[in-house]
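So the structure is just underneath, and the comments pick up after that.
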Amino acid sequence: MDRIVVVGGSVAAVNAADGLRRAGHEGEITLVSAENVLPYDRPPLSKDALREGQQHAALLIKEPSWYEENAVGVSLGAAAVGLDAAGKTVFLEGGRELSYDGLVVATGSRTRPLPVLEGVPGVHEVRSLSDSLRLHEHLLPGRHLVVIGAGFIGLEVAATARKMGLDVSVVEIAPVPLTRVLGAELGRWFQDHHVGHGVNLHCGTGIERIESAPNGNRVRLADGTVLAADLIVAGVGVQPATGWLDGSGVEVENGVVCDETLRTTAPDVVAAGDLVQWPNRLFGETMRVEQWLNAVEQGAHAARTLLGESEPFAPVPYFWSDQFEAKVKFVGHVSGDDQVKITKADEKSLVAMFGRGDRLRGVLCVNAPRQLALGKRAILDGVSWADAVAT
């Protein structure tokens, strides 16, 4: 396998390239990114980088010298627009073609569109560095920011803006924040946490329309509330960036369909990152995980699979979120309808366990790092839900 192409400017893509070299691949590696800058970390974009206006150099995943030292060629500023898996060719914007012996698909995810926001001026998203820097310039004390969506990204942006002195309103169609992920009971803890820091939460209602005004927009909600917005941030989630794979021979269904080793349905093609749909044998189910550590680990694992290894990828997913002084950490894979056992809850900290059937599935910790490590160990050991609740 002489020529390997890695498509994506993501953390998964960079760790796949790094994994290839660490696994002994001596052939050609080309990393393709649609952006005009070297790959950078995205989690800070809604937190520290947004607050401080951090520039590209501060967020780099790898220094520029790393690519030269590891003989990783980089093609920037031209997105992949098509793939011929049978002919082993990637098509780029501008008509360029790249042939390969092995391919890593790591194009991540893209912002989920919200029709009511189409064509509305003053609407921001926080998906790229340029998005974050542009929004930073508008986050001035005293302005009113309306955040649409109370998922983790929306709540992080709300917390960051509030700390910068803005008035912040969050609109969420669910009854409480994070219901889909954590359930209503834990969602109420996050609701109280944000309200306690001065965030105005409008839950259980959607946006009826947005009206242009001389100095911003007026956001009219379905319950009759009208919010005057100096700026609007859309935080309604993401979806897999798989459009360029249409007709390629790579199966796509809510992401790229992979086996447990991260091989796709096309020969010599693996995938890593937010867009991967794979069977995690540790949990006994197929999942797609939009988390930074998962992307790091999948990138390295996909590289080894491409070079001939056949080990299953079966981690305990992990993510974190910073919202005001709350250091939120989570291990496992859960849904909003899992059983929940809250073992600690006060204004500053929270610990909760999630179960399904007779199995511990996840542990959420806010300002409680020791319990997180214990929870991960218990999930790896297959501790039953009954034993987890009892102990």
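Here the side chains of W244 and V7 are in contact, with some heavy-atom distance below 4.5 Å. In this structure the side chain of L307 reaches within 4.5 angstrom of the side chain of I4, judged on heavy atoms. Inter-residue side-chain proximity for L178 and L155 is flagged as met; some heavy-atom pair is nearer than 4.5 Å. In this structure, V32 and V90 have side chains that are not in contact, with every pair of non-hydrogen atoms separated by 4.5 Å or more. At a threshold of 4.5 Å between non-hydrogen side-chain atoms, the residues V366 and W189 count as touching. Here the side chains of L372 and V331 are in contact, with some heavy-atom distance below 4.5 Å. A 4.5 Å side-chain heavy-atom check between I379 and F354 finds every atom pair outside the cut-off. Between L83 and Y100 the shortest side-chain heavy-atom distance falls below 4.5 Å.
A donor-acceptor pair is defined here as one N or O able to donate and one able to accept, closer than 3.5 Å; such a pair exists between the side chain of R162 and the backbone of L166. The backbone N or O of W66 sits less than 3.5 Å from a side-chain atom of N70, completing a donor-acceptor pair. Checked by atom type and distance alone, the side chain of H301 pairs as donor or acceptor with a backbone atom of E311 at under 3.5 Å. Side chain of Q291 to backbone of Y318: a donor-acceptor contact under 3.5 angstrom is found. Between the side chain of T205 and the main chain of L221, no donor-acceptor pair closer than 3.5 Å is present. Judged by distance alone, the side chain of N217 and the main-chain N or O of I210 form no donor-acceptor pair under 3.5 Å. In this structure a side-chain-to-backbone donor-acceptor pair under 3.5 Å is present from H144 to A228. Panel note: side chain R21, backbone H25; a donor-acceptor pair is recorded below 3.5 Å. Formation of a donor-acceptor pair under 3.5 Å by the R3 side chain with backbone atoms of S99 is not found in this model. Of the possible donor and acceptor atoms, none in the side chain of R288 sits under 3.5 Å from a partner among the backbone N and O of G255.
Taking a 6.0 Å sphere around CG of L374, one finds it holds more than 12 heavy atoms contributed by other residues, nucleotides or ligands. N215 CG: 12 or fewer foreign heavy atoms inside a 6.0 Å radius. A 6.0 Å sphere centred on NZ of K62 holds more than 12 heavy atoms belonging to other residues, nucleotides or ligands. The local environment of CD in E253 is sparse, with at most 12 non-hydrogen atoms from other residues, nucleotides or ligands closer than 6.0 Å. Within 6.0 Å of the CD atom in E68, the count of heavy atoms belonging to other residues, nucleotides or ligands does not exceed 12.
Between the CZ atom of R361 and the NE2 atom of H333 there is a distance of 6.5 Å, given to the nearest 0.5 Å. Here the straight-line distance linking atom CG of L103 with atom OG1 of T89 works out to 10.5 Å at 0.5 Å rounding.
E290 approaches V238 most closely through the heavy-atom pair OE1-CG2, 3.4 Å. Nearest approach of A13 to G8, heavy atoms of both residues: CB-O, 2.9 Å. Residues T261 and S310 share a closest heavy-atom pair of CG2-O, 3.7 Å. Taking every heavy atom of both residues into account, A295 and V11 meet most closely at CB-CG1, 3.5 Å. Across all non-hydrogen atoms, the minimal contact from Y67 to P39 is OH-CD, 3.4 Å. Between M353 and A388, the shortest heavy-atom contact is CE-O, 3.4 Å.
Tested against L135, the residues L133, L139, D131 include a single side chain to side chain contact (heavy atoms under 4.5 Å, CB included) partner, L139. Partner of V276 under the side chain to side chain contact (heavy atoms under 4.5 Å, CB included) criterion, out of L262, V289, T264, N294: L262 alone. Evaluated for a salt bridge (charged side-chain N to carboxylate O under 4.0 Å, His left out) with D322, the options K163, R51, K327, K47 yield exactly one hit, K327.
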Problem - E185 vs V176, side-chain contact (heavy atoms from CB on, under 4.5 Å): CA-CA, chis, key distance, verdict - result: CA-CA 9 Å; E185 189 174 9; V176 294; over 6 Å; no
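Note: the hydrophobic cluster containing L231 also contains V147 (ILVMFWY, side chain heavy atoms under 4.5 Å, direct or indirect links). Residues V171 and L145 fall into different hydrophobic clusters, defined by Ile, Leu, Val, Met, Phe, Trp and Tyr side chains chained together at heavy-atom separations under 4.5 Å. Taking hydrophobic clusters as Ile, Leu, Val, Met, Phe, Trp and Tyr residues chained together by side-chain heavy-atom distances below 4.5 Å, V170 does not share a cluster with L227. Hydrophobic clustering of Ile, Leu, Val, Met, Phe, Trp and Tyr side chains at less than 4.5 Å, counting indirect connections, keeps V233 apart from L117. Follow the hydrophobic side-chain contacts under 4.5 Å out from V383 and you never reach V389; the two are in separate clusters.
Aromatic ring pairs are classed by plane angle as parallel below 30°, tilted from 30° to 60° and perpendicular above 60°; the pair F152 and F319 is perpendicular.
A donor-acceptor contact closer than 3.5 angstrom is absent between the side chains of H197 and Q323. Remark: the S46 side chain and the E156 side chain contain an N/O donor-acceptor pair separated by less than 3.5 Å.
Taking the centre and axis of the six-membered ring of Y40, the NZ or CZ atom of R42 falls inside the cone set by 45° and 6.0 Å.
In this structure, R127 pairs ionically with D274, as a charged nitrogen and a carboxylate oxygen lie closer than 4.0 Å. Using a cutoff of 4.0 Å between basic side-chain nitrogens and carboxylate oxygens, E325 and K348 are not scored as salt-bridged.
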